[in-house]
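Please read the structure below before turning to the comments.
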2 protein chains.
Amino acid sequence: MFSKACEYGIRAAIYIGQQSTDSGRRVGLKDIAAEIGSPEAFTAKVLQQLVREQLITSVKGPTGGFELTAEQLRTVTLRQIVVAIDGGAMLQGCALGLPQCSARQPCPMHYQFLPIRDQLNELLRTHTIGELASKVHDGLGFLKQFG
Amino acid sequence: MFSKACEYGIRAAIYIGQQSTDSGRRVGLKDIAAEIGSPEAFTAKVLQQLVREQLITSVKGPTGGFELTAEQLRTVTLRQIVVAIDGGAMLQGCALGLPQCSARQPCPMHYQFLPIRDQLNELLRTHTIGELASKVHDGLGFLKQFG
DNA sequence: TTGGTAAAGGACAAAAATGTCCGGTATTTG
DNA sequence: CAAATACCGGACATTTTTGTCCTTTACCAA
């Protein structure tokens with residue numbers, strides 16, 4: 001579905017969001033990677049992308065780390081994370097790979113796939129990082145497998 | 001969504017199916033690649049996989065080529081093609097990449113993604129190659145961009 | 001101000017996906 | 001039987017994705 005980079009990015013963003021909500025404290029890369037079960041250096045690259053897109057915030061130096069501002073928690077959606085990392089292809093492209101699939105020259109599955117992809121888009125668009133973070137906080141969702 | 005290999009495999013299978021339905025004639029690799037707009041040698045590899053899984057049929061030598069038997073046209077589903085080439089990961093795995101995501105320890109999007117993935121599975125399961133081939137035959141679907 | 005800390009960024013490495021090439025094998029036709 | 005045809009299979013090449021390492025830059029605290 002999504003690339004590894006994107007999966008790490010989403011899980012990391014939610015974890016950072018959870019810590020920002022919870023205790024208002026920043027989290028370091030090492031912490032993040034450990035808590036979401038991802039390779040540290042690779043996760044760093046992904047987070048850099050998200051910082052550049054201003055979907056998360058980073059601070060250098062001692063007491064530094066990653067955080068989500070109150071506004072980011074409220075407004076950044078899953079969709080923005082996905083688009084920032086994987087681009088829009090998966091959310092718009094043809095399921096059978098036709099470069100210009102549309103009603104004018106639809107692939108044989110075009111009209112069957114449309115509603116599903118619309119639902120997926122809607123799903124990503126309507127869920128904010130803050131919302132998902134609070135779900136993790138309440139123990140209703142996990143970012144890593146335990147026990 | 002699907003890998004390039006899978007996209008080519010689906011388009012090729014539908015094209016072969018269309019020719020089998022239409023004129024009962026076999027089609028060669030060159031013909032297939034030209035008609036669906038795919039790299040010839042790479043498409044050959046993909047078709048070999050489908051032949052091994054007995055989702056399509058091949059015949060060597062002069063007058064040889066690829067075809068779909070009446071039974072294959074009737075029974076082979078899009079899902080079988082996808083599983084043969086991409087495996088089941090995309091149809092079953094967690095959207096956020098958790099190795100054991102389930103109701104016991106769900107990722108924060110688990111219950112939101114479930115219905116969408118179920119619909120996707122259902123879609124692939126209920127469409128046969130023969131059905132899609134006839135859609136192409138009737139000009140209601142395309143396997144390549146023209147004009 | 002200075003030293004330690006943590007992210008940023010560049011270069012590099014490994015693995016997987018994509019794509020190509022060519023000799024081997026089976027089959028049909030003359 | 002011989003020759004042409006077309007898929008099969010293995011090796012190889014390229015590109016993208018995934019992952020690592022190390023130096024630089026920015027920041028905070030003592």
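Model, not experiment: these values are computed from the prediction. Residue numbers start from 1 in every chain, and the chains themselves are labelled A, B, ... in the order their sequence lines are given, proteins ahead of strands. Keep in mind that the numbers below use all heavy atoms, side chains included, and drop hydrogens, waters and symmetry copies.
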Legend entry - A:Glu67 and A:Gln72 side chains, donor-acceptor separation under 3.5 Å: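 Distance-only check fails for A:Gln72 and A:Glu67.
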
Inset, instruction - State, without any angle test, whether B:Thr43 and B:Ser38 hold a side-chain donor-acceptor pair at a distance under 3.5 Å. - result: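 Checked: B:Thr43/B:Ser38 side chains pair up, N/O donor to acceptor below 3.5 Å.
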
Inset, instruction - Return the residues of residues 16-37 of chain B meeting this criterion: a heavy atom under 4.0 Å from some atom of DNA chain D. Order them by number, or give none. - result: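 Within this stretch, B:Val27, B:Gly28, B:Leu29 sit under 4.0 Å of the strand.
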
Inset, instruction - Output the residues of residues 4-15 of chain A in contact with DNA chain D, where contact means a heavy atom of the residue under 4.0 Å from an atom of the strand; sort by number or write none. - result: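 Contacts with DNA chain D under 4.0 Å: A:Lys4, A:Ala5, A:Tyr8.
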
Inset, instruction - Taking only Lys NZ, Arg NE, NH1 and NH2, and the carboxylate oxygens of Asp or Glu, determine whether B:Lys4 and B:Glu7 approach each other closer than 4.0 Å. - result: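 So B:Lys4 pairs with B:Glu7 through a salt bridge.
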
What is the distance from [atom1] of [X] to [atom2] of [N], rounded to the nearest Å?
{"X": "B:Leu47", "N": "D:dA6", "atom1": "CG", "atom2": "P", "result": "15 Å"}
{"X": "B:Glu40", "N": "D:dC8", "atom1": "CD", "atom2": "C1'", "result": "14 Å"}
{"X": "A:Ile85", "N": "D:dG19", "atom1": "CD1", "atom2": "P", "result": "13 Å"}
{"X": "B:Lys45", "N": "D:dC12", "atom1": "NZ", "atom2": "C1'", "result": "10 Å"}
{"X": "A:Phe66", "N": "C:dT5", "atom1": "CZ", "atom2": "C1'", "result": "13 Å"}
{"X": "B:Gln49", "N": "D:dC7", "atom1": "CD", "atom2": "P", "result": "17 Å"}

Inset, instruction - Give a yes or no on this: more than 12 heavy atoms of other residues, nucleotides or ligands lie within 6.0 Å of atom CD of A:Glu40. - result: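 Count over threshold, so yes.
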
Legend entry - B:Arg52 side chain, from C-beta outward: closest of D:dT20, C:dA8, D:dG9: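 Taking heavy atoms from C-beta onward, the closest nucleotide is D:dG9.
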
Inset, instruction - Would you mind telling me which of D:dC8, C:dA11, C:dA6 lies closest to the side-chain atoms of A:Lys60? - result: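 Taking heavy atoms from C-beta onward, the closest nucleotide is C:dA6.
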
Under 3.5 Å donor-acceptor, [X] side chain and [Y] backbone:
{"X": "B:Arg125", "Y": "B:Thr77", "value": "no"}
{"X": "B:Arg117", "Y": "B:Ala95", "value": "no"}
{"X": "B:Asp86", "Y": "B:Ser3", "value": "yes"}

Inset, instruction - Hey, which sits more toward the 5' end of DNA chain D by its nearest nucleotide, A:Phe42 or A:Thr63? - result: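 It is A:Phe42 whose nearest nucleotide is closer to the 5' end.
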
Inset, instruction - Select from A:Ala41 and A:Pro62 the residue whose nearest nucleotide in DNA chain D is closer to the 5' end of that strand. - result: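 With A:Ala41 and A:Pro62 compared, the 5'-side residue is A:Ala41.
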
Inset, instruction - Starting from the C-alpha separation in whole Å, work towards a yes-or-no answer on side chain to side chain contact (heavy atoms under 4.5 Å, CB included) for A:Leu96 and B:Arg11. - result: CA-CA 7 Å; A:Leu96 268 48; B:Arg11 302 219 300 272; 4.2 Å; yes

Legend entry - Qualifying side-chain hydrogen bond (donor to acceptor under 3.5 Å, both in side chains) pairs, either residue in residues 93-103 of chain A, two or more places apart: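 Matches after skipping sequence neighbours: none remain.
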
Legend entry - Any B:Gln48 side-chain nitrogen or oxygen under 4.0 Å from OP1 or OP2 of D:dC7: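 No.
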
